[in-house]
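Before any comments, here is the structure.
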Amino acid sequence: MITKLVKSDPGCPDRAVMKEAGDIITKGGLVAFPTETVYGLGGDALNPESSKKIYAAKGRPSDNPLIVHIADMEHLPAICESVPENMIKLAEVFWPGPLTMIVKKSDLVPKETTGGLDTVAIRMPDHATALEFIRAAGGYIAAPSANTSGRPSPTLASHVKDDLDGRIEMIIDGGEVGIGVESTIVDLSEGTPTILRPGYVTREMLERVLGDVDVDRTILSGNSTQAPKAPGMKYRHYAPHGEMTIVEGDSEEVVRVINENVAAAKASGRKTAVLCTDETKPFIKADVIKSAGSRADEHEIARHLYRILREFDDEKADVIFSESFSADGFGQAVMNRLLKAAGFNVKKI
Ligand code: TXA
Ligand code: MG
């Protein structure tokens, strides 16, 4: 299959391109598209064959459910058993936006889309191209992140091409995404609302609307015996090929320990890479040195994180060291992704 790559101005999508992309979906094909978080790999959420194709293209286990993306509130009730009050409240504040809500599904949503579960994850992305594409495709797009399973999520169309060229019909290139880590997932299907995956929308932001919100305990800990409630969170995601260690502690000490470890790895003939910040970059010595941005700006760090992990792969780094970041607020999402990339391998000093 030849994958067609088309550009779309993120704020002002081209109608002809959207129609072409929508037609691919209604005929059962797959289209990768930009959102405000990461690129998605879209198929018709109501067509079981499309969902099967998504799993096959990504090499993803089919027990890992997909998120259904919608563009308009009137499309919501048809895919939910009922629309909970909490969902309406959150949608009013955070949709369109980087929040995915899990509720009981209706019969319209095939089990192939929900990985066999009787719940469905739903999101309305805050991205004009994504919204127009969803509408052109009939209103319901099932989309995981558009990476092959186990690689960092794509933040550029070129990342999608690297992973999925020849396996899908089209890639819509809307430039670099704005946020850079996947949406917050909150489970509203039973009991207290619970965050299953941290993202741009933080616990504090959700609590302002709902009152008490729980956080799945597996999010920042690698040695929990509990299984995560979002099936996808159990896989070693976002992993670069190199062996990765996060070094946590006082900034000057972190630089010293990273440099020491880099020197030892180099001495054994291994290629070294360091993920650092603008503040520490001048002091780091390694084969490949990449700053994710200023320590003071967690949004900048989030936006660059996955691209840098991919670049370490391109550079064939054997050993990777990273600074640690604050896990407050949106920082929790950044640290969650970094910890998973490192397989929870943290050196505390
Ligand atoms: O920002 C995002 O959410 C991006 C863009 C493309 O929208 N999508 C994304 O999808 O990150 P994906 O498939 O890579 O991650 C979806 C996560 C997985 O961990 C999956 O297990 C979980 O959501 N999930 C989906 N449906 C679920 C359900 N019914 N119950 C529990 N977890 C669910
Ligand atoms: Mg993913």
Side-chain angles (χ1 to χ4, degrees), residues 10 32-42 45 54 58 60 64-71 73 76 79 86-87 89-103 113-115 119-131 133-134 140-147 152-155 159-160 174 176-189 193-207 209-210 213 215-216 218-219 228-233 235 237-238 298-299 301-303 305-306 329-338 340:
F33 63 103
T35 80
E36 81 280 34
T37 56
V38 299
Y39 276 77
L41 170 56
I54 292 176
K58 271 185 71 100
R60 172 175 182 152
N64 188 358
L66 309 173
I67 295 175
V68 178
H69 295 68
I70 61 170
M73 280 307 271
L76 183 62
I79 54 173
N86 280 345
M87 186 176 215
K89 283 194 200 155
L90 289 178
E92 272 169 7
V93 180
F94 298 109
W95 276 3
L99 178 68
T100 296
M101 298 186 236
I102 293 175
V103 294
T113 299
T114 62
T119 53
V120 58
I122 310 171
R123 163 164 131 77
M124 188 189 288
D126 185 15
H127 193 290
T129 294
L131 294 172
F133 162 60
I134 295 164
Y140 301 101
I141 290 287
S145 49
N147 50 288
S153 294
T155 58
H159 297 160
V160 182
E176 190 185 35
V177 300
I179 293 178
V181 298
E182 306 83 350
S183 61
T184 305
I185 301 180
V186 64
D187 185 357
L188 303 177
S189 68
T194 305
I195 295 176
L196 307 187
R197 179 174 73 182
Y200 183 86
V201 176
T202 62
R203 179 186 195 165
E204 293 70 29
M205 289 158 78
L206 294 173
E207 284 187 331
V209 180
L210 297 183
V213 173
V215 179
D216 190 28
T218 59
I219 282 173
K229 281 178 75 187
M233 298 295 277
Y235 298 104
H237 251 178
Y238 325 118
E298 59 209 17
H299 296 95
I301 291 169
R303 195 157 57 240
L305 180 65
Y306 285 149
F330 180 41
Q332 186 178 62
V334 178
M335 273 315 285
N336 167 261
R337 303 321 191 267
L338 197 61
K340 292 184 69 145

Nearest 0.5 Å, please: how far is [atom2] in [Y] from [atom1] in [X]?
X: Asp216; Y: Asp187; atom1: CG; atom2: CG; answer: 9.0 Å
X: Ile195; Y: Thr184; atom1: CD1; atom2: OG1; answer: 6.5 Å
X: Tyr140; Y: Ile134; atom1: OH; atom2: CD1; answer: 11.5 Å
X: Leu305; Y: Glu298; atom1: CG; atom2: CD; answer: 13.0 Å
X: Asn86; Y: Leu206; atom1: CG; atom2: CG; answer: 10.5 Å
X: Thr35; Y: Leu131; atom1: OG1; atom2: CG; answer: 10.0 Å

For a 4.5 angstrom cut-off between non-hydrogen side-chain atoms, does [X] reach [Y]?
X: Met101; Y: Val186; answer: yes
X: Arg123; Y: Val68; answer: no
X: Thr113; Y: Val120; answer: no

List in chain and number order the residues that pass side chain to side chain contact (heavy atoms under 4.5 Å, CB included) with [X], two or more places apart in sequence or in another chain; answer none if no residue qualifies.
X: Ala121; value: Ile67, Thr100, Ile102
X: Val177; value: Tyr39, Thr155
X: Asp126; value: Glu36, Pro96
X: Glu207; value: Arg203, Asp212, Val213

Quick check: closest heavy atoms across [X] and [Y], and the distance to 0.1 Å?
X: Arg303; Y: Gly178; result: CD-O, 3.1 Å
X: Pro125; Y: Ile70; result: CD-O, 3.6 Å
X: Ser183; Y: Arg337; result: O-NH2, 4.3 Å
X: Val181; Y: Ala333; result: CG2-CB, 4.3 Å
X: Ala91; Y: Met73; result: CB-CE, 3.7 Å
X: Gly42; Y: Ile54; result: C-CD1, 4.3 Å

Inset, instruction - Please report the C-alpha distance between Ser153 and Glu182 in whole Å, then the side-chain angles of each, then the deciding distance to 0.1 Å, and finally whether the side-chain hydrogen bond (donor to acceptor under 3.5 Å, both in side chains) criterion is met. - result: CA-CA 8 Å; Ser153 294; Glu182 306 83 350; 2.5 Å; yes
Inset, instruction - Name all residues meeting the ring-ring contact (aromatic ring centres under 6.0 Å, His included) criterion together with Tyr200; count only those two or more places apart in sequence or in a different chain, and write none if there are none. - result: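 Tyr200 satisfies ring-ring contact (aromatic ring centres under 6.0 Å, His included) with His299, Phe330 only.
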Inset, instruction - Spell out, as yes or no, whether a donor-acceptor pair under 3.5 Å connects the side chain of Lys58 to the backbone of Asn147. - result: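 Checked: pair present.
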Inset, instruction - Look only at the side chain of Ser145 and the backbone of Gly40, and say whether a donor-acceptor pair between them is shorter than 3.5 Å. - result: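 It does not hold such a pair.
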Inset, instruction - Specify whether His69 and Phe33 have parallel, tilted or perpendicular ring planes, treating 30° as the upper limit for parallel and 60° as the lower limit for perpendicular. - result: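 His69 and Phe33: perpendicular rings.
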Inset, instruction - Please list, chain by chain and in numerical order, all residues satisfying side chain to side chain donor-acceptor pair (under 3.5 Å) with Thr119, sequence neighbours excluded. - result: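 Once residues adjacent in sequence are excluded, Thr119 has no partner under the side chain to side chain donor-acceptor pair (under 3.5 Å) criterion.
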